[in-house]
Every structure is written in C-alpha cells, then in structure tokens.
Amino acid sequence: MISKGKGGRYALLQAVKDSDYVKKVYGGYLNVYVEAFGEEGERWDLFRVYEGEFPDLSELHKYDGFVISGSTSDAHGNELWVLKLCFILQTLDAMEKKVLGICFGHQVLCRALGGRVGRSITGWDIGIREVSFVEDLPPCSYLEDHEMPSSLSIVEVHQDEVYEIPEGGQVIASSGKTGVEMFAISDHILGIQGHPEYTKDILYNLIDRLLNMEIIEKSFAEEVKCRLQLTEPDRKCWEKICRKFLKGR
C-alpha cells in the first residue's frame, strides 16, 4: 500500500511478478504506476492477482478506480486467476467503476466484457510506436485538450492483441501494427495496448530478458535497441490522459 494522505483510493491489479530490475531500481511495479498515474493525497493498494490475491467484493465500492497491469500470461488463457479477474472486471463494469487496462490489462478487460483477443497476426511489437487517434472521437473529458495532437508515441511490448472490442465500446486509437491500440466504454472503461507507465530503461531491460529467455532473436533485439535511440515516448501526455481518466475530469 502507498498512501499520500487523504484523497482518492485506487487499486493496482498487478498481473505479473516484479522483475529483479524493477524491484532494484523502482521498488516494484506499484511504485512505477503510482509515479505515472498517482497524485498527492491518494491511497494506492496492491493486489497481486497473478498469485490469486484480489480485493474482496464487499470492498470494491470503496475504490475510486482500478488499474490492471501488463503480464507475461495470456489474456485469452484459462488460468484460474485470469478467469477470476474477468469476473471481477465484469463486476466493476456493472458498478461503473473507473477501470484502466494496460497491455494485458487492455486485453483481459476486452475479453471480460465480451470482446475477442488472441495472438497478434503480425507477431511481436516491441519498441516505441506512434498511435493515431480516430477522427470522430467520442465525447470524453480525458481527451478533450486543445493541445492534444492527432497521434502520440508509446512504449509497446506485446505479442497478443484485441481482435474485436466489446459491444457498446469504441476504438479510440490504432496504429499501423495494431488495429485496437485503445478502446473505451462509456466514461468508465479505458484500455491501452501500449505502456504509458514505462520508461525507456524498463523497456531496455525487458528486451534483454526476452533475449536471455530466447523468446526473441539477437538480431531483432539489436534492431529494436537501435531504433530506440532515435525516438522518445510521449510519456507526459499519456500520463495526463490516464490521470484525467482515473480522476474523472
């Protein structure tokens, strides 16, 4: 738990174990998310859902918003904790609680609410990618900014994607690689395929880990690292969008 005094109360539904690097440099993923999306005066609680740790159903009403992290697990898989997470997300949707899904969180949120997800037909997306907002955006306060550009760059690390969004949802952004980079339902559900919370050093470490596990090839890893030297993610803009969404303003 991280508490900064009186204010909103939020929960991180963490779907992956803290990496050694993130623990050493940041103290864990909770700190990464709070640094990116939190504000002074808030309380953030951590639930390691990948270990079967979930908020009690009777406690859900006490939270102002929820964030679902990325994961090494498949959002389309049938691990018990993934299925339980889907049930929790259906409950939060019925309560119209603010829920922000990141990467795996984006995918599992889509699945839980009736969409379809699976392996990307174009393979891994790793690096920094420019995503473009659709022209006819639905009215949503978190995107209503006169300085908002038509596209933003974001860190991407995923091999799965959303095939079809839930009924009643709307695609918010897409890219040349992925059709559904963002989707929303009403003003309380938001999914983002990329990682607005990631810094480049976290991404570099992830590339090294994937390489060491022989999940990606050395030539591919070196190519991605070279491209990373030429661009930066629009982290401040993404953080602003996520904060505005979670705080309802």
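Proximity of a side-chain donor or acceptor of Ser132 to a complementary backbone N or O of Ser151 within less than 3.5 Å is not detected. Judged purely by atom type and a 3.5 angstrom limit, Gln90 has no side-chain atom pairing as donor or acceptor with the backbone of Leu113. Formation of a donor-acceptor pair under 3.5 Å by the Ser120 side chain with backbone atoms of Thr122 is found in this model. Within the 3.5 Å criterion, the main-chain N or O of Ala36 finds a donor-acceptor partner in the side chain of Arg243. Under the 3.5 Å distance criterion, the side-chain polar atoms of Gln229 are left unmatched by any main-chain donor or acceptor of Cys226. The backbone N or O of Ser73 sits less than 3.5 Å from a side-chain atom of Ser71, completing a donor-acceptor pair.
The two residues Gln14 and Lys17 come nearest to each other via the heavy atoms NE2-C, 4.2 Å. Nearest heavy-atom pair across Leu46 and Glu53 is O-OE2, 3.3 Å. The two residues Leu203 and Gly127 have their closest heavy-atom pair at CD2-O, 3.9 Å. Annotation for Ala221 and Leu211: closest pair CB-CD2, 4.2 Å, computed over non-hydrogen atoms. The shortest non-hydrogen separation linking Val171 to Ile165 is N-CD1, 3.7 Å. Closest of all the heavy-atom pairs between His195 and Ile102 is ND1-CG2, 3.7 Å.
Remark: aromatic rings of Phe183 and His106 are close, center separation under 6.0 Å. Ring to ring, Tyr50 and Trp81 are not that close: their centroids are 6.0 angstrom or more apart.
Ion pairing between Asp20 and Lys24 fails under the 4.0 Å rule for side-chain N and carboxylate O. A salt bridge does not link Lys225 to Glu222: none of the charged side-chain nitrogens sits closer than 4.0 Å to a carboxylate oxygen. Ion pairing between a basic and an acidic side chain is recognised when a charged N comes within 4.0 Å of a carboxylate O; Lys236 and Asp234 show no such pairing. For the pair Glu164 and Arg111, the salt-bridge criterion is not met [side-chain N within less than 4.0 Å of a carboxylate O]. Under a 4.0 Å N-O distance rule, the pair Lys98/Asp64 does not qualify as a salt bridge. Taking 4.0 Å as the cut-off between side-chain N and carboxylate O, Asp74 and Arg119 count as a salt-bridged pair.
With sequence neighbours excluded, the residues forming a side-chain contact (heavy atoms from CB on, under 4.5 Å) with Cys242 are Phe37, Leu100, Ile192, Pro196, listed by chain and number. In this structure, the side chain to side chain donor-acceptor pair (under 3.5 Å) partners of Glu239, at least two apart in sequence or on a different chain, are Arg235.
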message = Please determine whether side-chain contact (heavy atoms from CB on, under 4.5 Å) holds for the pair Glu51 and Val49, giving the CA-CA distance in whole Å, both sets of side-chain angles, and the decisive distance to 0.1 Å.
response = CA-CA 5 Å; Glu51 291 186 341; Val49 294; over 6 Å; no
inquiry  = Using side-chain contact (heavy atoms from CB on, under 4.5 Å), reason through Leu228 and Ile207 one step at a time and then give a plain yes or no.
reply    = CA-CA 11 Å; Leu228 286 179; Ile207 294 169; 3.8 Å; yes
task = Go through Val16 and Phe104 one step at a time and tell me if the side-chain contact (heavy atoms from CB on, under 4.5 Å) criterion holds.
result = CA-CA 10 Å; Val16 67; Phe104 163 90; over 6 Å; no
task = Go through the steps to decide whether Glu232 and Ser153 satisfy the test side-chain contact (heavy atoms from CB on, under 4.5 Å), and finish with yes or no.
result = CA-CA 7 Å; Glu232 295 289 335; Ser153 294; over 6 Å; no
query = What do the steps show when you test Lys247 against Glu42 for salt bridge (charged side-chain N to carboxylate O under 4.0 Å, His left out), and what is the final call?
reply = CA-CA 11 Å; Lys247 324 307 175 184; Glu42 296 174 349; 2.7 Å; yes
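If you take NZ on Lys244 and CG on Leu190, they are separated by 12.5 Å, rounding to the nearest 0.5 Å. To the nearest 0.5 Å, atom CG of residue Asp18 and atom CG of residue Leu30 are 8.5 Å apart. Rounding to the nearest 0.5 Å gives a distance of 10.5 Å between CZ of Phe47 and CZ of Phe54. Here OG of Ser19 is found 8.0 Å from NZ of Lys23. Values are rounded to the nearest 0.5 Å. In this structure, CD in Glu217 is found 13.0 Å from CG in Leu210, a value given to the nearest 0.5 Å. For the atom pair Phe87 CZ and Leu92 CG, the distance stands at 10.0 Å (nearest 0.5 Å).
Other residues, nucleotides and ligands contribute more than 12 heavy atoms inside 6.0 Å of the NZ atom of Lys200.
Taking hydrophobic clusters as Ile, Leu, Val, Met, Phe, Trp and Tyr residues chained together by side-chain heavy-atom distances below 4.5 Å, Met213 shares a cluster with Ile216. When the side chains of ILVMFWY residues are joined at heavy-atom separations under 4.5 Å, either directly or via intervening members, Val108 and Leu83 end up in two distinct hydrophobic clusters. Residues Leu57 and Val99 share a hydrophobic cluster, clusters being chains of Ile/Leu/Val/Met/Phe/Trp/Tyr side chains in contact below 4.5 Å.
Judged by distance alone, the side chains of Ser175 and Glu181 do bring a donor and an acceptor atom under 3.5 Å apart.
Tyr29 places none of its side-chain heavy atoms less than 4.5 Å from the side chain of Glu197. Two residues are said to be in side-chain contact when any heavy atoms from C-beta on lie closer than 4.5 Å; Val155 and Pro233 meet this criterion.
Considering Asp201, Asp208, Asn205 as possible partners of Tyr21, the one that fulfils the side chain to side chain donor-acceptor pair (under 3.5 Å) test is Asp201.
Cation-pi geometry between Arg116 and Tyr163 is not met: the NZ or CZ atom fails to fall both under 6.0 Å from the ring centre and inside 45° of the normal.
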